[in-house]
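Only heavy atoms go into these numbers, but all of them, side chains included; no hydrogens, no water, no symmetry mates. Given the structure is predicted, the values throughout are model-derived calculations rather than measurements.
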Amino acid sequence: MNIKAVHVSTVTPVDVQKMINMKIQMRRISFIVFVLLCANLVFAQEKKEIEGVVTYVTTQNVYVKFLSAKKIQSGDQLFQRESGSLKAVLLVEQRSSVSAVGKPIGEAKLKVGDQLVALVVDDQPEAVILVPESEQPVSDQHINKIRKEEKPEQRQQKINGRVLLTSYSNLSNLDSTASHKLRYTFSLNANNVADSRVSFDSYISFNHKLDDWAAIQENIYNGLKIYSLNLKYELGESTSIWLGRKINPKVSSLGAIDGLQFESSFKHFYFGAVAGTRPDYSDYSVNFSLLEYGAFVGHKFQTKNGNAQTSLALFQQNNSGHIDRRFLYFQHDNTLLPKLSFFYSTELDLYRLQDGQPISDLILTSMYLSLRYRPIRQLSFAASYDNRKNVIYYETFKNYVDKLLEDATRQGVQLRVNYRPFKFMNGGLSASYRMRENDLHPTQNANAFLTFTQVPFIKATATLSANVLQNSYLQGQIYGLRLNRDFLSGKLNAGLNYRFIDYVYLSVDGTLQQHIVETDLSYRMNRNFSVSLNYELTLEDQYRYHRMYFSLVKRF
């Protein structure tokens with residue numbers, strides 16, 4: 001006993017304190033390293049799609065209406081379906097309960113009637129918040145004990161859908177024959193059918209010209225587009241499989257996938273695999289020759305300051321048994337620093353053909369970076385950089401691969417500032433610069449807008465806008481004035497818009513001047529039924545162009 005007592009006495013209280021301090025320091029360093037590693041991995045929370053329609057477009061802003069926009073946040077991206085994939089086209093700056101307004105991303109061209117998609121966080125159990133050890137109110141063991149005692153939420157059937165009828169009509173005094181196009185859209189989302197583990201999702205559209213069925217009779221897929229049609233089965237609380245056509249939000253750059261998808265998660269990590277085919281690149285039908293497969297992993301976590309989400313994917317795409325493309329996809333998004341949002345994504349191609357011989361290589365195909373900083377509530381800054389090359393599918397594009405390689409690289413930079421000095425006034429400036437290798441001149445674009453809410457006497461929102469553009473083909477300006485007002489407690493919305501376009505063509509001797517007058521009405525009869533009408537008149541010298549857009553929406 002005496003020997004043991006002497007041995008213990010050699011460890012002084014100072015030594016004990018040093019050991020405790022060292023342990024705390026090591027845990028803090030481990031936490032910091034963990035955060036830095038996460039900043040270089042990719043993410044994707046489980047999100048669901050909600051759809052909206054573009055109701056008004058200015059040179060600076062795009063207005064999108066939703067059934068409910070409460071889950072959309074400033075800084076979110078809105079997407080457009082393009083050949084089955086979800087392409088980011090709009091950055092949300094403000095939103096109300098049923099609408100969102102934002103700036104186009106890159107060179108996205110949006111028009112009234114375009115359907116956009118928002119990816120919002122689904123109704124999932126609240127994420128675990130990671131905080132430094134010194135701020136934890138209870139021990140990890142206590143948290144784990146509480147988790148074990150919690151009972152999982154009972155599955156409950158939730159069904160919602162939408163039927164949409166839209167018509168587009170164009171008429172001019174150059175041609176007495178009007179062009180009419182109809183589109184029918186059906187979407188249905190059924191979660192946990194009959195309170196089971198099975199869910200169903202679909203998004204289908206059919207469009208055709210009113211007096212032209214020849215193209216449809218030749219190939220039904222010239223009009224029929226199936227963007228989503230799949231079944232989901234929950235193997236457990238954190239593991240699911242999908243069968244059918246589905247766009248996976250964690251690897252949305254792949255577009256729609258026809259086949260089998262698997263995903264599972266463990267604490268803050270998730271992983272998944274995909275095996276199937278790509279839709280046909282000509283008519284978007286099923287094409288069993290276009291095999292693709294791959295896997296993805298990711299990590300997500302949240303702190304009291306913000307969150308970070310990261311994902312990494314590796315995929316190979318074939319055409320008739322031959323390698324078409326092999327690439328690595330990386331994406332990261334975080335809001336860990338106060339008032340700063342960061343987003344980064346990139347694609348690296350790992351395969352190419354040189355003189356007909358396959359080569360394993362590492363080629364940067366695309367890179368997109370965006371930063372958004374809001375030092376105070378009234379002021380925000382944003383910047384983005386876009387660098388991308390043409391995506392090469394060596395088998396699909398084998399007849400003109402050389403042409404695509406020649407015109408491969410384009411770069412773009414965009415800067416933007418928004419300022420709201422008063423509650424009734426909001427303004428902004430933006431500038432963009434885009435350059436492509438074979439362009440004679442880079443594309444330069446400068447925009448400015450000033451919005452006044454609740455203008456006296458008319459009680460409407462007024463927006464003044466100006467746009468200056470120059471590229472290899474033309475230079476000119478666009479000036480606009482927009483008035484917008486709600487009636488009947490927000491159920492009826494009316495808008496009036498005027499734009500003046502003044503272009504000078506550089507490649508040929510000519511000018512273009514247009515006066516465009518536009519009016520639109522939208523009415524929500526109730527929560528599930530709405531109708532909208534838009535009319536646009538373009539005056540150009542002796543020419544007159546008329547365009548009408550009508551939509552009828554039934555939700556259930």
Side-chain angles (χ1 to χ4, degrees), residues 54 56-62 80 82 89 103-114 168-181 209 212 386 388 390 400 403-404 406-416 429-450 463-482 495-520 534-549:
V54 176
Y56 173 62
V57 178
T58 70
T59 56
Q60 291 295 321
N61 296 296
V62 177
Q80 189 174 40
E82 185 175 288
V89 294
K103 301 289 187 185
I105 295 175
E107 297 185 29
K109 303 296 182 182
L110 298 174
K111 61 182 183 300
V112 173
D114 283 350
Y168 307 85
S169 299
N170 291 280
L171 179 65
S172 72
N173 60 350
L174 297 176
D175 189 352
S176 59
T177 304
S179 173
H180 303 285
K181 187 175 181 179
K209 289 185 176 180
D212 183 12
D386 188 5
R388 66 184 63 188
N390 288 326
Y400 50 99
K403 174 60 179 175
L404 292 174
E406 289 175 3
D407 188 24
T409 304
R410 57 188 183 275
Q411 302 180 65
V413 177
Q414 186 176 55
L415 304 174
R416 184 173 66 255
L429 296 170
S430 67
S432 63
Y433 178 92
R434 184 180 65 84
M435 180 180 63
R436 196 168 50 183
E437 289 182 357
N438 294 334
D439 284 347
L440 296 177
H441 302 285
T443 297
Q444 302 175 73
N445 201 347
N447 300 278
F449 78 94
L450 188 61
T463 299
L464 293 167
S465 61
N467 174 267
V468 179
L469 172 68
Q470 180 175 349
N471 56 31
S472 298
Y473 310 101
L474 59 84
Q475 63 181 16
Q477 306 84 35
I478 303 175
Y479 305 99
L481 171 62
R482 166 77 178 182
L496 181 64
N497 183 33
Y498 168 75
R499 284 171 290 166
F500 173 66
I501 298 177
D502 185 14
Y503 283 160
V504 176
Y505 293 104
L506 303 179
S507 56
V508 296
D509 186 16
T511 61
L512 172 67
Q513 288 189 341
Q514 289 182 332
H515 299 270
I516 302 176
V517 181
E518 180 183 358
T519 180
D520 58 81
N534 176 278
Y535 170 74
E536 182 181 279
L537 171 64
T538 302
L539 305 175
E540 178 187 336
D541 294 332
Q542 70 271 30
Y543 305 120
R544 303 289 183 269
Y545 303 95
H546 307 268
R547 183 186 66 83
M548 291 184 63
Y549 166 80

- Message: Using only atom types and a distance under 3.5 Å, with no angle test, would you say the side chain of S430 pairs donor to acceptor with the backbone of L415?
- Response: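 No, S430 side chain to L415 backbone: no donor-acceptor pair under 3.5 Å.
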- So, the side chain of T519 versus the backbone of Y535: is there a donor-acceptor pair under 3.5 Å, distance only?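 Checking the backbone N and O of Y535 against the side chain of T519, no donor-acceptor pair under 3.5 Å is found.
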[X] and [Y]: which non-hydrogen atoms are nearest, and at how many Å?
X	Y	result
L506	N471	CD1-O, 3.5 Å
N534	D520	ND2-CB, 3.4 Å
A448	L429	CB-CD2, 3.4 Å

- Stepwise side-chain contact (heavy atoms from CB on, under 4.5 Å) test for Y503 and I478: CA-CA 8 Å; Y503 283 160; I478 303 175; 3.2 Å; yes
- Task: Check the pair L469, T443 against side-chain contact (heavy atoms from CB on, under 4.5 Å), reporting the backbone distance first and the verdict last.
- Result: CA-CA 7 Å; L469 172 68; T443 297; 4.1 Å; yes
- Message: Please tell me whether Y498 and H515 have a donor and an acceptor in their side chains that are separated by less than 3.5 angstrom.
- Response: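 Looking only at side-chain atoms, H515 and Y498 do form a donor-acceptor pair, the distance falling under 3.5 Å.
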- Message: Testing the 3.5 Å rule here: is there a donor-acceptor pair between the side chains of E540 and Q514?
- Response: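 Q514 and E540 do have a side-chain donor-acceptor pair below 3.5 Å.
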Roughly how far, to the nearest 0.5 Å, is the [atom2] atom of [Y] from the [atom1] atom of [X]?
X	Y	atom1	atom2	answer
T511	L474	OG1	CG	11.5 Å
N170	H180	CG	NE2	9.0 Å
T538	H546	OG1	NE2	9.0 Å
L512	I501	CG	CD1	7.0 Å
L450	T463	CG	OG1	8.5 Å
Q444	Q470	CD	CD	5.5 Å

- Message: Would you say that more than 12 heavy atoms from the other residues, nucleotides or ligands in this model lie under 6.0 Å from the CG of N173, or not?
- Response: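 It does: N173 CG has more than 12 such atoms within range.
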- Task: Decide if atom CZ of F500 counts as having more than 12 heavy atoms of other residues, nucleotides or ligands within a radius under 6.0 Å.
- Result: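 Enclosed.
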- Full working for side-chain contact (heavy atoms from CB on, under 4.5 Å) between R544 and L539: CA-CA 5 Å; R544 303 289 183 269; L539 305 175; 3.0 Å; yes
- Message: Run Y545 and L174 through side-chain contact (heavy atoms from CB on, under 4.5 Å) and show every step you take.
- Response: CA-CA 9 Å; Y545 303 95; L174 297 176; 3.7 Å; yes
- Message: Less than 4.5 Å apart, side chain to side chain, heavy atoms only: is that true for S172 and Y543?
- Response: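 SC-SC contact between S172 and Y543 ruled out.
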